[in-house]
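Worksheet: the structure to be examined is printed underneath.
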Amino acid sequence: MTQRKSHSAKAWLLQNSIFEFYHYVPGAAEAMPNHSHDDYQMCLSIGGTDAEFYYRGSYHLLPANSLSIVHPSEMHKVRQLEDRKWNSCQWMLYVNPTLMHQVTASLSGRYNTFPFFSKMIILDSNLIHSYLQLCHAISNSTSTLEQESRLIALLGQLIQHYANVQSEPLPVKFAHKQIQKVRAYLEEHFAENITLDQLARIAYLSPYHLNRVFSQTVGLPPHKYRLQVQIERARSLLLQGMPLKRIAAETGFADQSHLTRHFKRLMRVTPGQYQLQDRKNVRGFVS
């Protein structure tokens, strides 16, 4: 007798924000009772069927493949409109109000403001793409710096475009010296588990402003710049003939496969292929 598959769930924690991934199997339509959360709740529904969402005294159609946001302490409930005929999933993000307040203050310069979102359902392909990039970074256990950078950037994008906040961007020239300090720190400590808060303290900037100004000044966000430094160091160690497992440890990658994945994405060849090709070139030159 074949055992019927059931729903599954996973959860992660980052900066007091909770990520949840739910996978739903085909079955009868389900409903969730009225409830609330202490945090801002974001939900990206992928596949599945349309749902009906009760929020702030009225019903809203929640289309499949849409992003929704609910404020802290707001009662809400949801029910599917028809049976699920295929697999579907949801990415849930619960953002601590303190973090939302910090990003809002960085954008507006006002420190007594929490963002208010008049739209509950957001159909914005750019924002959804940023949301998915963050979800994939979390589920693939990328560096803490990358996860924090993507989270801060996503919240800034959300608040700037959909909240009742007028942004006042910090001039890039003002932070040039601070960014150079951060750049030097990344080049020296690339193998360590660096956090965005660490870099923000070095630059005397908020994490949001650091992420934005670093990207504008250097051309890459901090986590991508660190990755570039890691790969450059790995190339140097490959030329010295160091084993891949040791190179991964020396350059701050989680393991050899983690190094290989990023090396191939940037260099278009695997570390082993790069090392072998270099040895062929050296032999040919000597002969």
Side-chain angles (χ1 to χ4, degrees), residues 7 9-24 29-46 48-81 88-124 127-128 130-132 134-135 138-139 147-148 150-167 196-197 206-208:
H7 304 327
K10 295 181 181 179
W12 300 264
L13 183 65
L14 174 66
Q15 274 201 355
N16 294 322
S17 297
I18 301 171
F19 287 85
E20 296 174 344
F21 174 76
Y22 293 92
H23 178 263
Y24 300 106
E30 296 176 315
M32 184 173 289
N34 217 18
H35 66 288
S36 66
H37 307 282
D38 294 332
D39 302 318
Y40 287 87
Q41 173 197 288
M42 297 177 68
C43 174
L44 176 62
S45 301
I46 302 175
T49 61
D50 293 348
E52 189 175 60
F53 208 104
Y54 183 79
Y55 179 58
R56 292 187 192 151
S58 60
Y59 286 92
H60 306 263
L61 178 65
L62 187 63
N65 305 314
S66 64
L67 185 65
S68 62
I69 182 165
V70 174
H71 287 79
S73 303
E74 289 273 6
M75 287 291 175
H76 58 283
K77 59 183 177 180
V78 62
R79 69 181 182 90
Q80 294 167 333
L81 298 180
S88 61
C89 63
Q90 287 183 338
W91 278 104
M92 307 289 297
L93 167 58
Y94 300 91
V95 183
N96 189 288
T98 300
L99 180 57
M100 276 288 201
H101 174 264
Q102 290 171 351
V103 177
T104 303
S106 295
L107 281 164
S108 67
R110 295 190 294 272
Y111 295 88
N112 60 346
T113 303
F114 284 87
F116 177 81
F117 302 93
S118 57
K119 282 187 175 182
M120 190 209 101
I121 299 168
I122 299 174
L123 300 172
D124 181 332
L127 186 66
I128 290 174
S130 298
Y131 190 91
L132 278 173
L134 171 61
C135 294
I138 295 292
S139 61
Q147 294 175 15
E148 291 179 343
R150 291 196 183 280
L151 174 60
I152 290 293
L154 171 71
L155 297 182
Q157 187 178 355
L158 173 69
I159 293 168
Q160 195 166 23
H161 293 287
Y162 293 98
N164 59 335
V165 173
Q166 291 186 343
S167 61
L196 193 60
D197 281 341
S206 72
Y208 173 79

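Numbers for residues simply follow the sequence, beginning at 1. No hydrogens, no waters, no symmetry mates; every other heavy atom, side chains included, goes into these values.
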Please set out all donor-acceptor pairs under 3.5 angstrom arising from side-chain atoms of residues 63-70, sequence neighbours excluded.
{"from": "Asn65", "atom 1": "OD1", "to": "Gly47", "atom 2": "N", "distance (Å)": "2.9"}
{"from": "Ser66", "atom 1": "OG", "to": "Pro63", "atom 2": "O", "distance (Å)": "2.5"}

Please tabulate, one pair per line, all N/O donor-acceptor pairs under 3.5 Å involving side-chain atoms of residues 114-124, not counting sequence neighbours.
{"from": "Asp124", "atom 1": "OD1", "to": "Asn126", "atom 2": "N", "distance (Å)": "3.0"}
{"from": "Asp124", "atom 1": "OD1", "to": "Leu127", "atom 2": "N", "distance (Å)": "3.1"}
{"from": "Asp124", "atom 1": "OD2", "to": "Tyr162", "atom 2": "OH", "distance (Å)": "2.6"}

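In this structure, the ring-ring contact (aromatic ring centres under 6.0 Å, His included) partners of Phe53, at least two apart in sequence or on a different chain, are His76. For Tyr40, the ring-ring contact (aromatic ring centres under 6.0 Å, His included) test picks out His71, with sequence neighbours left out. Residues that satisfy the ring-ring contact (aromatic ring centres under 6.0 Å, His included) test with Tyr55, not counting sequence neighbours, are absent from this structure.
Annotation: side chain of Tyr22 is not in contact with side chain of His7 (no heavy-atom distance under 4.5 Å). Side-chain contact between Tyr54 and His60 is absent, with no heavy atoms from C-beta onward closer than 4.5 Å. Under the 4.5 Å side-chain criterion, counting only non-hydrogen atoms from C-beta, Leu155 is not in contact with Thr104. Contact annotation: the side chain of Pro33 never approaches that of Lys77 to less than 4.5 Å [non-hydrogen atoms, C-beta and beyond]. For the pair Met42/Tyr94, no side-chain contact is recorded, criterion being any heavy-atom separation below 4.5 Å from C-beta on. Two residues are said to be in side-chain contact when any heavy atoms from C-beta on lie closer than 4.5 Å; Tyr208 and Leu107 meet this criterion.
A pairwise comparison of heavy atoms in Ser206 and Ser106 identifies OG-OG, 2.9 Å as the closest pair. Between Trp91 and Ser139, the closest heavy-atom pair is CH2-CB, 3.7 Å. For the pair Leu151 and Phe19, the tightest heavy-atom approach, listed with the atom from each and the gap, is CD1-CZ, 4.4 Å.
Atoms CD and NZ, from Glu20 and Lys10 in turn, are 13.5 Å apart once rounded to the nearest 0.5 Å. Taking OG from Ser17 and CH2 from Trp12, the interatomic distance works out to 14.5 Å, rounded to the nearest 0.5 Å. The CD1 atom of Ile46 lies 11.0 Å from the NE2 atom of His23; values are rounded to the nearest 0.5 Å.
Side-chain N or O atoms of Gln80 include one that pairs as donor or acceptor with a backbone N or O of Glu30 at under 3.5 Å. A donor-acceptor pair under 3.5 Å is absent between the side-chain atoms of Asp39 and the main chain of Gln41, judged by distance alone. In terms of modelled atom types and a separation under 3.5 Å, the side chain of Glu52 and the main chain of Arg79 share no donor-acceptor contact. Distance alone, capped at 3.5 Å, places no donor-acceptor pair between the His101 side chain and the Leu99 backbone.
With no hydrogens or angles considered, a side-chain donor-acceptor pair links Gln157 and Ser130 at under 3.5 Å.
More than 12 heavy-atom neighbours from other residues, nucleotides or ligands sit within 6.0 angstrom of CG on Asn34.
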| said: Could you go through Val95 and Asn16, starting from their C-alpha distance and side-chain angles, then the distance that decides it, and tell me whether this counts as side-chain contact (heavy atoms from CB on, under 4.5 Å)? | reply: CA-CA 7 Å; Val95 183; Asn16 294 322; over 6 Å; no
| field | Audit row: Gln102, Asn96, side-chain contact (heavy atoms from CB on, under 4.5 Å) steps and yes/no | value | CA-CA 10 Å; Gln102 290 171 351; Asn96 189 288; over 6 Å; no
| task | Report the C-alpha distance between Ile152 and Leu196 in whole Å, list the side-chain angles of each, state the deciding distance to 0.1 Å, and finish with yes or no for side-chain contact (heavy atoms from CB on, under 4.5 Å). | result | CA-CA 9 Å; Ile152 290 293; Leu196 193 60; 3.7 Å; yes
| Would Phe21 and Cys89 count as a side-chain contact (heavy atoms from CB on, under 4.5 Å) if you check the C-alpha gap in whole Å, the side-chain angles of each, and the deciding distance to 0.1 Å? | CA-CA 7 Å; Phe21 174 76; Cys89 63; 3.7 Å; yes
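For the salt bridge (Lys or Arg N to Asp or Glu O under 4.0 Å) condition, no pair includes a residue of residues 153-163, sequence neighbours left out.
The pair Glu74-Arg56 counts as a salt bridge, with a side-chain nitrogen and a carboxylate oxygen less than 4.0 angstrom apart.
The one candidate from Leu14, Leu44, Leu154 that meets the side-chain contact (heavy atoms from CB on, under 4.5 Å) condition with Leu93 is Leu154.
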